[in-house]
Each structure stands twice: as structure tokens, then as C-alpha cells.
Enquirer: 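The structure under discussion is supplied below as C-alpha cells; questions concerning it will follow.
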Amino acid sequence: MRAAFVLALTLAAPAGAQALKNHDSNAPVDVEADRIEVQDRADRAVFSGGVHVRQGGLTLDSARLTVAYSGATGGATNVSIQRLDASGGVTVHSATETAHGSFAIYDLNRRIITMLGGVTLEQGPNTVRGGRLVIDLNSGRSVIDGSAVGGMSSGVTSTRGGRVTGRFTVPQRTSP
């Protein structure tokens, strides 16, 4: 199994990320934070302070979260979350992987999570680092780029000169 992960990760599609393919993006989104500011005219809510988000088996932790929604006209209760923008020490965690970065965008309609800024993806003892991670929940495919979109001027730094780096465990073999 580990050898398959290493090979798949080398091809920029980690086998472990396949677990996210079945993530239920229609599940309720539960949010906890120290503070919430609702901006009704802008159709968004801003959570801050120890933000913890849970949807199915996926969690997201950050310092700040902006939730963009629609359907809140005339006191309607059928609010539909469109997008989550997280910043400040963002961690996304599933049963088999953990990803860390400076920023994350979860587009619920497209079912894509994008993380930026010193991204680390961990599966057990295996680790890959880069500037940007894109997780497609439709296909289960994950891609890590060496540098973030927009380069250094965007305020998002990359790792090791814009290259992807990784460390993978190998099965222990006995000498013949």
C-alpha cells in the first residue's frame, strides 16, 4: 500500500486522497468560533478566534473564516453556503490525511479545496511540501505545485525555490 502511495504521489495524485473522493459536500457545515460577524448585505459571515469547521469526516481549523452564502433574502431560512475562505494557520484533516497551509478556499459548488502558502500534506509518515495544494473532491485527485499562484508578490511564499519536496517511508527489507 505504501509503495502505491509513493508512486501515485510522485505522479501528483496521492492514493490516500482517494478517500476524499467520497466526501459528502452536501452534509451540514458546523462552525465553532470565538466570534461571528454577519454581513447580511454582502451575504457573508466572518468567524474569528479558534475557528473549527466540520463537514462529514472533514475538519478545518483556522484563525479566521469567511463564509459566503446565498438565499438569505426576506428572512428566508434556506441559506446555502457557497464558499469558505480560511486564513491563519489553516489545517484540513480527514481520516487519512492532514494538510497545513496559510490559506484555504473550499468551493462547495465545484467541490474543490485549494490551500496556499507553505503547504504540507501528510499521510501517516509520508510528507509532501509545496506552495499550493488543490484537492478535487469529485475525482479524489490532489495536486501539489512548487509555488503559489501569483508568486511572491501575492504575499504567499513558496518552499525551496518553487519545488515540491517529499519524504516517504519504504518497507523494511531483510538482506538476502
Enquirer: Ignoring hydrogens, what is the shortest heavy-atom contact between Ala104 and Met115? Give both atom names and the distance.
Expert: CB-CG, 3.9 Å
Enquirer: Under the rule for side-chain hydrogen bond (donor to acceptor under 3.5 Å, both in side chains), what residues qualify as partners of Gln172, not counting sequence neighbours?
Expert: none
Enquirer: Where do Ile36 and Ala45 come nearest, in terms of heavy atoms and distance?
Expert: CD1-CB, 4.2 Å
Enquirer: If the condition is side-chain hydrogen bond (donor to acceptor under 3.5 Å, both in side chains), which residues does Arg83 pass it with, not counting sequence neighbours?
Expert: Asp85
Enquirer: Please check: side-chain N/O of Gln82 versus main-chain N/O of Ser80, any donor-acceptor pairing under 3.5 Å?
Expert: yes
Enquirer: Report the distance from atom CG of Leu65 to atom CD of Glu32, rounding to the nearest 0.5 Å.
Expert: 12.5 Å
Enquirer: For the pair Gln55 (side chain) and Ala27 (backbone), establish whether a donor and an acceptor sit closer than 3.5 Å, ignoring hydrogens and angles.
Expert: yes
Enquirer: Where is the tightest heavy-atom contact between Ser62 and Ala86, given as atom of each residue plus distance?
Expert: OG-CB, 3.7 Å
Enquirer: For residues Tyr69 and Asp40, determine if any side-chain heavy atom of one lies less than 4.5 Å from a side-chain heavy atom of the other.
Expert: yes
Enquirer: Quick one about His100 and Thr120 (side-chain donor to acceptor, distance below 3.5 Å, no hydrogens or angles considered), yes or no?
Expert: no
Enquirer: Closest approach of Ala99 and Leu121, non-hydrogen atoms and distance?
Expert: CB-CD1, 4.1 Å
Enquirer: Does the side chain of Leu84 come within less than 4.5 Å of Leu108's, by heavy atoms?
Expert: yes
Enquirer: Do Leu133 and Val143 have side-chain heavy atoms sitting under 4.5 Å apart?
Expert: no
Enquirer: For Leu137, does its backbone N or O pair with a side-chain atom of Arg111 as donor and acceptor, under 3.5 Å?
Expert: yes
Enquirer: Decide side-chain hydrogen bond (donor to acceptor under 3.5 Å, both in side chains) for Thr59 and His93; before the verdict, give the C-alpha distance in whole Å, the side-chain angles of both, and the deciding distance to 0.1 Å.
Expert: CA-CA 5 Å; Thr59 63; His93 181 77; 5.5 Å; no
Enquirer: Calculate, to the nearest 0.5 Å, the distance between atoms OG1 and OH belonging to Thr114 and Tyr106 respectively.
Expert: 12.0 Å
Enquirer: A side-chain contact here means heavy atoms from C-beta on lying under 4.5 Å apart; do Val53 and Val29 qualify?
Expert: yes
Enquirer: Is there a donor-acceptor pair closer than 3.5 Å between any side-chain N or O of Asp136 and the backbone N or O of Ser142?
Expert: no
Enquirer: State, to 0.1 Å, how close Gly130 and Ile144 come at their nearest heavy-atom pair, and which atoms those are.
Expert: CA-CG2, 3.8 Å
Enquirer: Could you go through the side-chain contact (heavy atoms from CB on, under 4.5 Å) check for Arg167 and Asn126 one step at a time?
Expert: CA-CA 6 Å; Arg167 170 164 274 188; Asn126 302 311; over 6 Å; no
Enquirer: If you compare all heavy atoms of Gly50 against all heavy atoms of Asp34, which two are closest, and at what distance to 0.1 Å?
Expert: N-OD2, 4.1 Å
Enquirer: With a 4.5 Å limit on heavy-atom distance, are the side chains of Val46 and Gln39 in contact?
Expert: yes
